[in-house]
Amino acid sequence: MSLKHRCIFCQIARNEAPADFLYRNDSLVVFKDIHPHAPVHLLIVPLKHIRSINDIDAADAAIVSEMILTGKRMAKSMGIAESGYKLLFNVERGGGQVIFHLHLHLIGGWK
Ligand code: 5GP
Ligand code: ZN
């Protein structure tokens, strides 16, 4: 089995593993974090398998900016844009990353 076939976020992105999806297009998916750290905790995940922010280059600029714009839009649609939220990349083990497929956390919903 290849690395990509074992990657849980590749499987979720390909609909081969379940998730609570909120949005999907040709380049990324958005689904609920299975262990939420806040009332709203979504993951914005590119379909392309990229290990971490350390592995992006200029060719990935479009997807990274689309992830951030999607985070902004999802915050609005979840009703937390005004109250505020975090957009967070954990990078490698020392940065708290445990799933080695690039993802942007959208965290918020505190009163
Ligand atoms: P990291 O620490 O790598 O930045 O974040 C990975 C996140 O993915 C964690 O918050 C964890 O709860 C979430 N997660 C891990 N496995 C799954 C899964 O199979 N499904 C979903 N929906 N979330 C997951
Ligand atoms: Zn992957």
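Just follow the structure's listing: the first ligand is 1, and inside any ligand the first atom is 1. All residue numbers refer to positions in the sequence shown, counting from 1.
Here the side chain of Gln97 pairs a donor or acceptor atom with the backbone of Glu92 at under 3.5 angstrom. Panel note: side chain His103, backbone His101; a donor-acceptor pair is recorded below 3.5 Å. The backbone N or O of Ala13 sits less than 3.5 Å from a side-chain atom of Arg24, completing a donor-acceptor pair.
Counting only heavy atoms from C-beta outward, the side chains of Phe21 and Ile12 approach each other to under 4.5 Å. Residues Ile50 and Ile56 are in side-chain contact: their nearest non-hydrogen atoms beyond the backbone lie under 4.5 Å apart.
For atom 16 (N) of ligand 1, the closest heavy atom belonging to the protein is Ile99 CD1, 4.0 Å. For atom 1 (P) of ligand 1, the closest heavy atom belonging to the protein is His103 NE2, 3.1 Å. Atom 19 (O) of ligand 1 has as its closest protein heavy atom Ile8 CG1, 3.6 Å. The closest protein non-hydrogen atom to atom 2 (O) of ligand 1 is Gly96 O, 2.7 Å.
Of all the listed residues (Asp33, Asp20, Ile107), Asp33 holds the heavy atom that lies closest to atom 10 (O) of ligand 1. Nearest to atom 17 (C) of ligand 1 by heavy atom, out of Ile34, Leu43, Val45, is Ile34.
In Phe89, neither the side chain nor the backbone holds a heavy atom less than 4.0 Å from any atom of ligand 1. Of all the heavy atoms of Phe21, none lies under 4.0 Å from any atom of ligand 1, so neither backbone nor side chain is involved.
In terms of distance to the Zn ion (ligand 2), the nearest N, O or S atom of His49 is named ND1. When distances from the Zn ion (ligand 2) to the N, O or S atoms of His101 are compared, ND1 comes out shortest.
Near Phe9, with a cut-off below 4.0 Å to any heavy atom, the atoms of ligand 1 are 8 (O). Near His35, the atoms of ligand 1 lying under 4.0 angstrom from a non-hydrogen atom of the residue are 12 (O). Against a heavy-atom cut-off of under 4.0 Å, Asn90 is close to the following atoms of ligand 1: 1 (P), 2 (O), 4 (O). Heavy-atom contacts of Ile12 reach the following atoms of ligand 1: 20 (N) (cutoff under 4.0 Å). Atoms of ligand 1 found under 4.0 Å from any heavy atom of Phe31 (numbered from 1 in listed order, with element): 21 (C), 22 (N).
The shortest heavy-atom distance from His105 to ligand 1 is under 4.0 Å. Assignment of Leu88 to the shell around ligand 1 is not supported, since no heavy atom sits closer than 4.0 Å.
Under the 6.0 Å cut-off for aromatic ring centres, His37 and His35 do not qualify, their centroids lying 6.0 Å or more apart.
Atom CG of Asp20 and atom CG of Asp33 lie 11.0 Å apart (nearest 0.5 Å). Taken to the nearest 0.5 Å, the NE2 atom of His41 stands 5.0 Å off from the NE2 atom of His105.
Across all their heavy atoms, Pro39 and Gly109 have their closest contact at CG-O, 3.4 Å.
Leu28 and Leu106 fall within a single hydrophobic cluster, where Ile, Leu, Val, Met, Phe, Trp and Tyr side chains are chained together by heavy-atom contacts under 4.5 Å. Note on Leu22 and Ile107: separate hydrophobic clusters, where clusters join Ile, Leu, Val, Met, Phe, Trp and Tyr whose side-chain heavy atoms are under 4.5 Å apart, directly or indirectly.
Ligand 1 has an N or O atom lying under 3.5 Å from an N or O atom of Val98, backbone or side chain. Residue Lys32 places at least one N or O, backbone or side chain, under 3.5 Å from an N or O of ligand 1.
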Side-chain polar contacts of residues 62-80 - donor-acceptor pairs under 3.5 angstrom, sequence neighbours left out - could you list them?
{"residue": "Ser65", "atom": "OG", "partner": "Ala62", "partner atom": "O", "Å": "3.2"}
{"residue": "Glu66", "atom": "OE1", "partner": "Ser27", "partner atom": "OG", "Å": "2.8"}
{"residue": "Glu66", "atom": "OE2", "partner": "Asn25", "partner atom": "ND2", "Å": "2.9"}
{"residue": "Glu66", "atom": "OE2", "partner": "Ser27", "partner atom": "OG", "Å": "3.1"}
{"residue": "Thr70", "atom": "OG1", "partner": "Glu66", "partner atom": "O", "Å": "2.7"}
{"residue": "Ser77", "atom": "OG", "partner": "Met74", "partner atom": "O", "Å": "3.1"}

